[in-house]
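As the structure is a prediction and not an experimental result, all values here were calculated from the model. Quick note: numbers below take in every heavy atom, side chains included, and nothing from hydrogens, waters or symmetry partners.
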Amino acid sequence: MGRNPAVSINVPTDVITGILSRLPVKNLVRFKCVSKPWNSLIDGSYLSNLQLRRSFTSNANIKLLLDIYSEFDEYKAYSVDFDSLVNLEELPRPLSTTSFGVSSRIFGSCNGLLAISHDEAGIALWNPSTKECHYPPKLTIGDMYDEIILGFGYDVINKDYKVVQMLSSGKLVMIYSLKANSWKRIKDCPYEITFHVSQDGSVHWVGVGNDKDDDARVIFGLDLGIEEFHQLPGPESDISYKNFGYRSVGLLGGSLCVFRVIYHRDNIVLWVMKEYGVMESWTEDFYVSRDECWQWCTYYTRAISYSRRGDRVLLEDGGRPRQPAWFNLDKRTREVVDIPGAPKHFNAIIYVESLASARPGNH
């Protein structure tokens, strides 16, 4: 008896795409070698965007990155599953080697891409899930009296990832476009930046208007689409500006947030910008006192993420070395993060596993 001929089954591309969008990124990277069509599909923006939307909708594929400075003038990066804080994995961190007086830090996280700066080598855009890395042209705008301010985010209008670099005085504002793989200068920022600790892809800062009192701090941001700065209305309260100060601005649960230090109460309050229909307004989320923080330096406290159930928030203190901890919103207790196999002290960054490309071109 002869053999039956092989049966060829043609599966529609949209069905294949839907299945692939539900798989872990590591598997998708391996599947690129299956065939040229699969390689093109997995490298393409459609599957990348679909996978990213599914992750955000289901709150899945979220990772906590641990950025650690070792004793050998080198930074090391590890990732763990955010929900369980297990499955520790070391990652090949770019721009990891430093020397005396030279530092490197991760200053932004957006759609699975991380932005890293190095005092001497410049900037790297890195996808830790695909291991893809790109180094923009090195830019030097240093001033011995001004701090370099960096930001990283996504321009939804032009579908482009952009890096912002400027002086803390608001001068020499430069924007790097990953799509164009080039830098350009825009108008100077009308604010002097007084506080900046964000590492989450938010291009918002706390500043002082050049023509205003030093105590009158404002929250402002950069619209990456039109590349213009704009001031945001501050949270309303019965506390005059003389008794509080804005501190870290960032993203929490996908919403803009800001910490305010209330001087005479010795505590900090987190406000979150929430949507109410078509309107947005600030909502007081929680406060933390110095006693509840124990030894924390509340001046630099940064909110990293809510827990999956929303009953805790992961905070990073301002001490050095840093030691993130969970703050229970109901019990008002603090629990230091303990990750099996990881050092106790690290800088924490949230990112989502994605196929987002770090290569110049369309995104």
Side-chain angles (χ1 to χ4, degrees), residues 61-109 114-118 126 128-129 196-200 247-248 250-253 257 259 267-268 270 286 288-353:
N61 303 316
I62 307 300
K63 294 285 188 176
L64 182 68
L65 185 133
L66 288 54
D67 198 30
I68 301 163
Y69 180 70
S70 71
E71 58 184 347
F72 303 107
D73 290 331
E74 183 180 21
Y75 283 85
K76 292 187 176 181
Y78 300 85
S79 73
V80 293
D81 298 331
F82 179 67
D83 290 334
S84 61
L85 296 183
V86 296
N87 299 324
L88 184 72
E89 176 188 3
E90 185 172 359
L91 301 172
R93 183 193 191 279
L95 305 180
S96 60
T97 304
T98 62
S99 58
F100 179 77
V102 176
S103 64
S104 175
R105 67 185 181 92
I106 298 176
F107 65 88
S109 171
L114 300 179
I116 308 173
S117 70
H118 189 280
W126 174 45
S129 304
H196 178 62
V197 296
S198 178
Q199 291 177 300
D200 50 26
R247 288 295 180 250
S248 58
L251 294 175
L252 181 63
C257 69
F259 269 114
N267 62 22
I268 54 175
L270 181 76
F286 66 90
V288 181
S289 69
R290 186 178 297 275
D291 290 338
E292 290 167 322
C293 288
W294 300 350
Q295 75 272 22
W296 283 11
C297 173
T298 57
Y299 192 87
Y300 293 103
T301 299
R302 181 173 67 93
I304 299 172
S305 178
Y306 290 114
S307 63
R308 178 176 282 272
R309 295 196 308 177
D311 60 335
R312 298 182 300 168
V313 62
L314 186 61
L315 300 177
E316 183 177 82
D317 66 19
R320 289 188 178 276
R322 293 182 171 91
Q323 191 170 21
W326 286 109
F327 182 72
N328 191 300
L329 300 175
D330 296 324
K331 300 179 181 179
R332 306 197 60 77
T333 55
R334 170 182 178 267
E335 179 185 355
V336 174
V337 172
D338 184 16
I339 299 174
K344 290 184 177 180
H345 302 105
F346 54 86
N347 292 340
I349 302 99
I350 288 287
Y351 74 96
V352 58
E353 287 189 311

Output the distance between atom [atom1] ([X]) and atom [atom2] ([Y]), rounded to the nearest 0.5 Å.
| X | Y | atom1 | atom2 | result |
| --- | --- | --- | --- | --- |
| Tyr69 | Lys76 | OH | NZ | 12.5 Å |
| Leu66 | Ile339 | CG | CD1 | 4.5 Å |
| Arg105 | Ile349 | CZ | CD1 | 10.5 Å |
| Asp67 | Ile106 | CG | CD1 | 4.0 Å |
| Ser129 | Glu353 | OG | CD | 4.5 Å |
| Ile68 | Phe346 | CD1 | CZ | 7.0 Å |

How would you list, by chain and number, every residue that makes a ring pair (Phe, Tyr, Trp, His ring centres under 6.0 Å) with Tyr78, sequence neighbours excluded?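 Testing Tyr78 for ring pair (Phe, Tyr, Trp, His ring centres under 6.0 Å), a comparison that skips the adjacent residues, returns none.
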Taking only residues two or more places apart in sequence or in another chain, which ones pass ring pair (Phe, Tyr, Trp, His ring centres under 6.0 Å) with Tyr306? none
By side-chain hydrogen bond (donor to acceptor under 3.5 Å, both in side chains) - contacts of [X] (at least two apart):
| X | answer |
| --- | --- |
| Ser79 | none |
| Asp81 | Lys63, Asn87 |
| Thr97 | none |

Provide the closest heavy-atom pair for [X] versus [Y] in the form atom of the first, atom of the second, distance.
| X | Y | result |
| --- | --- | --- |
| Ala303 | Val313 | CB-CG2, 4.5 Å |
| Pro92 | Trp126 | O-CZ2, 3.7 Å |
| Val102 | His118 | CG1-CE1, 3.5 Å |
| Leu88 | Ala342 | CD2-N, 3.8 Å |

Answer yes or no: is there a side-chain heavy-atom contact under 4.5 Å between Leu64 and Ile350? yes
With a 4.5 Å heavy-atom cut-off, do Leu329 and Asp311 have their side chains touching? no
Is a side-chain donor or acceptor of [X] paired with a backbone partner of [Y] at a separation under 3.5 angstrom?
| X | Y | answer |
| --- | --- | --- |
| Ser305 | Leu314 | no |
| Ser104 | Ser117 | yes |
| Arg308 | Gly310 | no |
| Glu316 | Ile304 | no |

Under the salt bridge (charged side-chain N to carboxylate O under 4.0 Å, His left out) test, which residues partner Glu90, sequence neighbours left out?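 Partners of Glu90 under the salt bridge (charged side-chain N to carboxylate O under 4.0 Å, His left out) test: none.
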Side chain to side chain contact (heavy atoms under 4.5 Å, CB included) between Tyr75 and Ile116, worked out: CA-CA 11 Å; Tyr75 283 85; Ile116 308 173; over 6 Å; no
Report the C-alpha distance between Glu335 and Phe327 in whole Å, list the side-chain angles of each, state the deciding distance to 0.1 Å, and finish with yes or no for side chain to side chain contact (heavy atoms under 4.5 Å, CB included). CA-CA 7 Å; Glu335 179 185 355; Phe327 182 72; over 6 Å; no
Give me the ring orientation class for Trp326 and Phe82: parallel if the planes are under 30° apart, tilted from 30 to 60°, perpendicular past 60°.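 Trp326 vs Phe82 ring planes: tilted.
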